[in-house]
Each structure stands twice: as structure tokens, then as C-alpha cells.
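Written out below as C-alpha cells is the structure these notes cover.
For ligands, and for the atoms within them, numbers begin at 1 and follow the listed sequence.
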Amino acid sequence: MTRKRIAILGATGSIGTQALEVVRACPGWFEIQVLTAATNAEALIQQALEFLPKVVVVADESKYQEVKEALWGTSVMVMAGAAALEEVVQHAEVDLVLSALVGSAGLRPTVAAIKAGKDIALANKETLVMAGQLVMDLVHKHQVSLLPVDSEHSAIFQCLVGEDRNPIEKIYLTASGGPFRGKSRDFLSTVTREQALQHPNWVMGAKITIDSATLMNKGLEVIEAKWLFGLQTRQIDVVVHPQSIIHSMVQFEDGTIKAQLGLPDMKFPIQYALTYPKRVENSFKRFNFMDFPKLTFEQADTDTFHNLALAYRALETGGNVPCILNAANEMVVAAFLKDKVGFLQMSDIIEETMEVVHRIDTPSLDDYEDTDRKSRAIAGELITKSNKTYHIVK
Ligand code: NDP
């Protein structure tokens, strides 16, 4: 058996560390060629000493010396800076790139990997949200596999195995509803960062945890699903399913629905993306139906959680508008995590940014990056103006 040679972008994050657990759980299946981090030199060094990749990249250049010294005498090459991420994914000895950076930082390295003909396991949904058309065009042009890691998209992908080209009527993306499911806007106006970081079912990085609390994560997933599965907006529904056991569903033209189920544990979809098309034995905890005698479903509340409605609007408007939504969202989430905006103000600021930034029909990569910069600048001004009392005046 030839081992799959993988590069993990964002190895020190929630997805990255779970991917390394999968690698440990499947001995003989993988060879780690590249590991990267932003600033967490300590974790990157530990990982490098354990897996001895060809190269590690620390994006924060000020950490270069620390990593270099710690890996002195090993075979591991150390690189630093954002540009190095684009370089290492093109390495001849890489078969598959796990894109698990958070936010817009994922776009350029993922595009570089696709252009170099590498298969992609995609966790970084922001790449498709920002530049879905451009990325999918490149995927087709370079004939690479784009394998979803997000549990919902992995579920859809797994439901489609064996269906050849049977048309999809619609898909149902399930959502846990986050920590504030069923709460009123009054309640949400006072919630804290600490409350928002308590996800009921999943343990994830800070940004996606806040996105889950605001339902923006589901909005980003709706956009991601459109591109991954070539769907129209009206074919993508969201169903709140608080137990997070059904990871998503596909309804075919004959009315049949296929669902994929399991425990809310990201190691399963990560492993499927890494071992695809094979299924490999592991000893991860198994699902027990008796632990979940009731699986329940609710409508998503887009009046209270306005971000989901904004994401649908961005998708319908098209062009660079999802990129505007994504950039403004990254800004407000970072501000919320620093206690600089309130929970409800986040969607107000995103909406206003979407109204202000110039729309482009068919953006190039440079246009997307320009849109990202401008949207961040505008959202940043609105955040400063808001000073915790900001309310959009219509
Ligand atoms: P984390 O914040 O836990 O990890 C992000 C990783 O990327 C870390 O290794 C971090 O390094 C690195 N990183 C962050 N910013 C930069 C940057 N500017 N340049 C280079 N490297 C950077 O995120 P998650 O693992 O939670 O999420 C990663 C992606 O996967 C996101 O797009 C998320 O939406 C998606 N996803 C996550 C799920 C989850 O369960 N966590 C589920 C489904 C999708 P450092 O550690 O040094 O900061």
C-alpha cells in the first residue's frame, strides 16, 4: 500500500490536531510532508518532532528562530511567512492538502495547491464562500478532487456515493442551533463572549464557535454547499436538529431522502476526506441509538438570527457579495471576541457593509482580495463607530 502524502495547513488548530489524531489512528496510511501554524510555535515544534515532516511553516515570521532552533539537528526544514504557505503546497511529494486554516488566509494557499494539481481536503469553508466560482473553475481545469471536511458537506458527499448522476431535488443541512437556540433578541442583546463560546455539541476553534452561535456558520455552509454540489439556492434548506446526530440529508427526485448519521466528532469526516475513497478501520467511539432515543427537528429562526438570512441574500446576489459578507463577518467576530461589539450588532454591521461595498459581477482573484480589504476597512469603521451602542438606522 502506498501511503498518502499530506500537507496540513493549520496543523495546530482544532481541525489540524484532530487530523493528526486520525493519522495516529490509521498507522501506515499517511506520510506527513508539511505542517503549518500561524503563531503557536510550541505546538508546531511538538508536532514536527513527532511526525518529522519535510517542511514546517510558521506564518508569523517572528517565531521563525524559535522553531528553527528547536528543530536544529532534525531533517525538518523550517520556513516562515504567508508566502511560504503557497510554496509548500506545491511540493512534488505532496498528494493531498488539508486546508484547515481559519478565515480568508486559506484562499491563496488553497488556490496555489489546486493549480499545482493537488487534491484538497477542504475544512476552510471561507475559501468557497469568498471565491466559489473561481475555485470551482480551477478545480475542474486542474482535475483535482475537492473533498469536504465540514461534517454537513461530508454527509451530503457520502449520501451521493453510488448515485452516479441521479439529480438532487434538494439538500437539508442540519444545524444544532448553537448555544442560543430558542432565545429572544432581548436575551441576545446581553450575551457575552464566554456564553457564545459554549457550543452544546461540538468543540471547535473560536471563530467557528461564534459563527455557530450567530448561525453565520450555517449561512457560510449554505454558500459552500452551492459550490461543492452545483446547486441552486432554492435547493438548499437548513433544518435545526439540536442533537447533531444527522449530519445532513439529500432528497432525490423520487422523493427519497438519504441521511448520514453519527456522533458529533470531526474525526469521522476528517478521516473520510483523508482516506477517500476507502473506509479505514479505527477505534473512535461508536454511536449508540439508545443514547439518543429522540431526534428532533425545528425551523431555523432567521428573524432572531439574521446572519443566516444575510448569507442567503449574499448567495442570491452573487458576484463578490459573499466575499463582502465573509470579510465583514471575520471582522465582527474578531471584535466580538475582544468585547468590542455586542452579539446583535454583528449582523447589523455585516448588513451595512454589504450595502456599502461596490458589487462586482465576475471577480478575479485580485478583485476578491480587494473586496476583502475594502470590506474589512468598512466593517472596521462601523465597529469603531458602534462602540457597543451601534444600531443600524434605516
Ligand atoms: P482554529 O482557529 O482552531 O485553527 C486555525 C489554524 O490555522 C491554526 O493552526 C492556526 O495557527 C492557523 N492560522 C490561523 N490564522 C492563520 C493565518 N492568518 N495564517 C496562517 N495560519 C493561520 O480553527 P478550526 O480548526 O476550528 O477551523 C479551521 C477551518 O475549518 C475553519 O475554516 C472552520 O470554519 C473549518 N471547520 C472547523 C470545524 C471544527 O470542528 N473546528 C468544523 C468544520 C469546519 P495557530 O494555532 O498558530 O494560531
Side-chain angles (χ1 to χ4, degrees), residues 7-22 34-48 56-64 66-67 79-89 97-110 112 120-130 147-155 173-176 178 197 199 201-214 216-221 223-225 228 244 247-248 263-270 272-273 326 329-330 333-334 337 372 376:
I8 303 184
L9 305 184
T12 50
S14 163
I15 292 290
T17 51
Q18 291 181 87
L20 290 173
E21 281 186 56
V22 168
V34 177
L35 294 170
T36 83
T39 57
N40 191 345
E42 203 181 322
L44 185 66
I45 292 163
Q46 288 313 315
Q47 293 177 348
V56 296
V57 179
V58 57
D60 177 351
E61 295 182 30
S62 71
K63 300 285 172 120
Y64 172 78
E66 181 184 346
V67 180
M79 296 172 78
L85 295 173
E86 287 177 59
E87 196 181 319
V88 290
V89 294
V97 174
L98 170 60
S99 174
L101 301 180
V102 65
S104 59
L107 179 61
R108 273 208 173 255
T110 309
I120 307 290
L122 188 73
N124 179 257
K125 62 192 87 185
E126 292 90 345
T127 288
L128 282 181
V129 173
M130 287 177 76
L147 303 157
V149 168
D150 228 337
S151 60
E152 294 78 0
H153 304 77
S154 175
L173 296 179
T174 51
S176 70
L197 283 170
H199 195 280
N201 302 339
W202 299 94
V203 180
M204 308 180 284
K207 195 250 175 188
I208 184 175
T209 306
I210 301 301
D211 284 345
S212 298
T214 65
M216 180 56 95
N217 183 49
K218 213 46 57 180
L220 301 180
E221 287 176 8
I223 301 173
E224 184 185 9
L228 277 173
S244 297
H247 297 310
S248 278
L263 288 171
D265 177 345
M266 282 306 296
K267 292 196 293 300
F268 290 106
I270 292 170
Y272 190 65
N326 181 67
N329 182 55
E330 287 190 27
V333 171
L337 285 169
D372 184 64
R376 283 168 191 275

Could you list the residues that satisfy side chain to side chain contact (heavy atoms under 4.5 Å, CB included) with Ala84, not counting sequence neighbours?
-> Val57, Met79
Going by the side chain to side chain contact (heavy atoms under 4.5 Å, CB included) test, name the single residue among Leu20, Asp265, Val22 that passes it with Ile270.
-> Val22
Proximal protein residues to ligand 1, non-hydrogen atoms under 4.0 angstrom | Gly10, Ala11, Thr12, Gly13, Ser14, Ile15, Ala37, Ala38, Thr39, Asn40, Ala59, Leu85, Ala100, Leu101, Val102, Ala105, Ala123, Asn124, Lys125, Glu126, Asp150, Met204, Gly205, Ile208, Met266
Is there side-chain contact between Leu122 and Val149, with heavy atoms separated by less than 4.5 Å?
-> no
Main-chain N/O of Thr174 paired with Ser248 side-chain donor or acceptor, under 3.5 Å = yes
Hey, are Glu224 and Lys218 close enough for a salt bridge, meaning a charged N less than 4.0 Å from a carboxylate O?
-> no
Polar side chain donor-acceptor pair, Ser244 to Asn201, under 3.5 angstrom | yes
